[in-house]
Amino acid sequence: MIGLYQVLNPEELFAPRYCLTRVIYYNLQPRARSRWKDFSIPNFQNLSVTQRQCIQSSTWKSTAMVLWGPVLGVLLVAIMGYLYLLGLLRQRRPQEPPLDKGSIPWLGHAMSFRKNMFEFLKHMRAKHGDVFTVQLGGQYFTFVMDPLSFGPILKDAQRKLDFVKYAEKLVLKVFGYHSVQGDHRMIHSASTKHLMGDGLEDLNKVMLDSLSLVILGPTGRSPDTSCWHEDGLFHFCYNVLFKAGYLSLFGYTKDKEQDLLQAEELFAQFRKFDRLFPRFVYSLLGPREWLEVGRLQRLFHKTLSVKHNLEKDGMSNWISYMLQFLREQGVAPAMQDKFNFMMLWASQGNTGPTSFWALLFLLKHPEALQAVREEAVQVLGEAGLEARQSLNFEISAMHRTPVLDSVMEETLRLGAAPTLLRVVHGDHILKMANGQEYLLRNGDIVALFPYLSVHMDPDIHPEPTAFKYDRFLNPNGSRKVDFYKAGKKIHHYTMPWGSGVSICPGRFMALSEMKLFVLLMVTHFDLELMDPDTPVPPVDPQRWGFGTTQPSHDVRFRYRLRPTV
Ligand code: HEM
């Protein structure tokens, strides 16, 4: 400080450093001031009044400036940081994909994206081409729309694209579940063991019994089941698949009637959660809806609690295996309840809606329904289709149904619209199939939306919006797996189950369960749309990106158990 004063020359009297010296001087305690006063301005008293006034006034102005200087500096840094966070300062760097920040700071394109993701991405692709980065609620998403370039993203040989971290945050928010080390890998190994191969064969038997119980009721076939019943097709399919799936995976008590009632009630609550789900994920709920979501979460944690599960028989090996892992990791029972909720959601959120689309397409396309029925007669034989006390048939026949397989694949092509997300760890070069290279920025998210870029690509699937039940059949009746884009064979010609590290581990079980249901319905029941001319309803635009889509409204139909086949 002393040294600072000594080097001052007259011109510097107005400089901030001098002023600061004076301020500090006048704020010193008297004793300290007396020690310091030798260093006051030389000959200040000898200056003219005007000179002194000028010095004093300038000094105070400068003092204010000096005081505010650092504050303003900090403020400026804060504003710059904020603007940076808002994305206003982000610029496209060389080699990066086209950047579209949208017109609203921070939010970017979030509103149009959330309103109708499909239309939004169609528009962006038309504007920017196959790769582009958009800002959505402060986060940058790079969408890759060329399916021939999906390989490096899904294989991620350099381990630069992370799925787990993103998923962990999401499941904490939605289900309240705190991930533990290794649980993602464990879910996949549990599923390989119990939802595929021999494990699946056992589960299929349980599922067939559950479907029969749910559709016919605990007393089985009765005169009542042979009468016409009217319902919404979406409600009917979702309700049946949910109850049968829930009971098969989470187990029964000794009282089946009570189990059915409880499953019915759980479905009603599940649908409430399901309806709020898209806006919950996007944080768009109003205060009352937030409260409702909290209530539903607590209800599911309680209903699926491991304490309750102890009272049940026949919980699936899949759930038991996963809960045992969590117990061994020391996960608290309350957290295991949340895990159960997550698994209920994953296992029941898509099978009902997919089965709805499948049955609706069959009802709208009598030639397809006829083909499925003929195939069933062929593989099961007339006798195998007779509805006895319960609904039944030889499950192994499901391995010999290429027509039904094609119907399901076509249904999933038209109905399943998941988004695949990966967080970029460290700047990373993405090599496209055409040789072009793009720089992906650390912290951004790489996103694939195969519904638009694959399922609806007319090059891969001519007349992509049409339901063609034999699209996945070769002329000789075998499964068709050769599809092309721009003359090149394409590996990912449909992606209803996602792909890579996050591929659905329940896909084989899902397919078996839906096939069982569709087979039972078309072979054992008469089915009719109340209005045969009713068009296929449009997709509820809020559901794009969340697995299987849902219709914007239900379709009335009626059904009755066939007296004889
Ligand atoms: C039509 C029915 C189904 C469809 C379309 C479907 C689709 C999907 C998709 C696309 C994902 C990956 C999401 C992502 O990449 O973030 C996924 C994940 C998952 N699915 Fe399915 N799924 C179905 C049925 C099932 C069933 C029946 C089960 C279990 C019995 C199941 C269990 C799971 C689980 C546990 C995950 C999370 C996997 C992980 O964290 O890596 N799914 N499903």
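Numbers here are sequence positions counted from 1. For ligands, and for the atoms within them, numbers begin at 1 and follow the listed sequence. Computed from a prediction, not measured in an experiment: that's the story for all the values here.
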Ring centres under 6.0 Å, that's the criterion: do Phe250 and Tyr246 meet it? yes

Side chain, backbone, both or neither: which part of Thr354 comes within less than 4.0 Å of ligand 1 when only heavy atoms are counted? side chain

Would Lys485 count as a cation-pi partner of Phe483, with NZ or CZ less than 6.0 Å from the six-membered ring centre and within 45° of the ring normal? no

If the cut-off is 4.0 Å to any non-hydrogen atom of Ile187, which atoms of ligand 1 fall inside it? 35 (C)

Quick one: look at Ile503 and ligand 1, take heavy-atom pairs under 4.0 Å, and tell me if it's side chain, backbone, both or neither. neither

the protein heavy atom lying closest to atom 19 (C) of ligand 1 turns out to be Pro505 CD, 3.5 Å

Just jot down the ligand 1 atoms closer than 4.0 angstrom to any heavy atom of Thr548, in number order. 5 (C)

Would you please indicate yes or no on a ring centroid separation below 6.0 angstrom for Phe234 and Tyr238? yes

Report the part of Arg507 (side chain from C-beta onward, or backbone N, CA, C, O) that has a heavy atom under 4.0 Å from ligand 1; answer both or neither where that applies. neither

Are Leu154 and Leu448 side-chain neighbours, meaning at least one heavy-atom pair lies under 4.5 Å? yes

Starting from atom 2 (C) of ligand 1, find the nearest protein heavy-atom neighbour and note its residue, name and distance. Asn350 CB, 3.4 Å

Parallel, tilted or perpendicular: which describes the rings of Trp290 and Phe280, with under 30° parallel and over 60° perpendicular? perpendicular

Checking contacts here: is it the side chain or the backbone of Leu195 that comes within 4.0 Å of ligand 1, counting heavy atoms only? Could be both or neither. side chain

Checking Lys115 against Phe113: charged group under 6.0 Å from the ring centre and within 45 degrees of the axis? no

Test of proximity, Ser502 against ligand 1: N or O pairs below 3.5 Å: yes

What are the two closest heavy atoms between Trp318 and Ile187, and how far apart are they? NE1-O, 4.3 Å

With a 4.0 Å cut-off on heavy atoms, does Ala167 reach ligand 1? no

Determine, using ring centers only, whether Phe143 and Phe449 are less than 6.0 Å apart. no

Nearest protein heavy atom to atom 7 (C) of ligand 1, by residue and atom, and its distance? Pro496 O, 3.7 Å

Aromatic ring proximity, centroids under 6.0 angstrom, His491 and Phe150: no

Measure the acute angle between the ring planes of His365 and Phe467, then classify it against the limits of 30° and 60° as parallel, tilted or perpendicular. tilted

Measure the acute angle between the ring planes of Phe175 and Trp345, then classify it against the limits of 30° and 60° as parallel, tilted or perpendicular. tilted

Aromatic contact between Phe236 and Phe557, with the criterion being ring centroids under 6.0 Å apart: yes or no? yes

Heteroatom proximity flag, Thr351 to ligand 1, N/O under 3.5 Å: no

Report the nearest protein non-hydrogen atom to atom 17 (C) of ligand 1: residue, atom name, distance rounded to 0.1 Å. Cys504 CB, 3.5 Å

Just to confirm my output: which protein heavy-atom neighbour is closest to atom 40 (O) of ligand 1, and how far is it? His184 CD2, 3.4 Å

Can you check whether His188 has an N/O within less than 3.5 Å of an N/O in ligand 1? yes

In terms of atom number and element, which parts of ligand 1 are under 4.0 angstrom from non-hydrogen atoms of Met514? 1 (C)

Tell me the closest heavy-atom pair linking Phe242 and Gln348, and the distance in Å. CD1-CB, 3.6 Å

Name the closest protein heavy atom to atom 27 (C) of ligand 1, giving the residue it belongs to and the distance to 0.1 Å. Ser347 O, 3.5 Å

re atom 16 (O) of ligand 1, the protein heavy-atom contact at minimum distance is Phe163 CE1, 3.4 Å

Using heavy atoms and a 4.0 Å limit, tell me yes or no: is Met495 in contact with ligand 1? no

Quick one: look at Trp497 and ligand 1, take heavy-atom pairs under 4.0 Å, and tell me if it's side chain, backbone, both or neither. both

Once the angle between the rings of Tyr177 and Phe339 is folded into 0 to 90°, is it parallel (under 30°), tilted (30 to 60°) or perpendicular (over 60°)? perpendicular

For atom 24 (C) of ligand 1, what is the closest protein heavy atom, and at what distance to 0.1 Å? Ala510 CB, 3.6 Å

Could you list which atoms of ligand 1 come closer than 4.0 Å to a heavy atom of Pro418? 10 (C)

Counting from 1 in the order shown, the ligand 1 atoms closer than 4.0 Å to a non-hydrogen atom of Gly498 are 10 (C)

Can you list the ligand 1 atoms lying under 4.0 Å from a non-hydrogen atom of Met509? 30 (C)

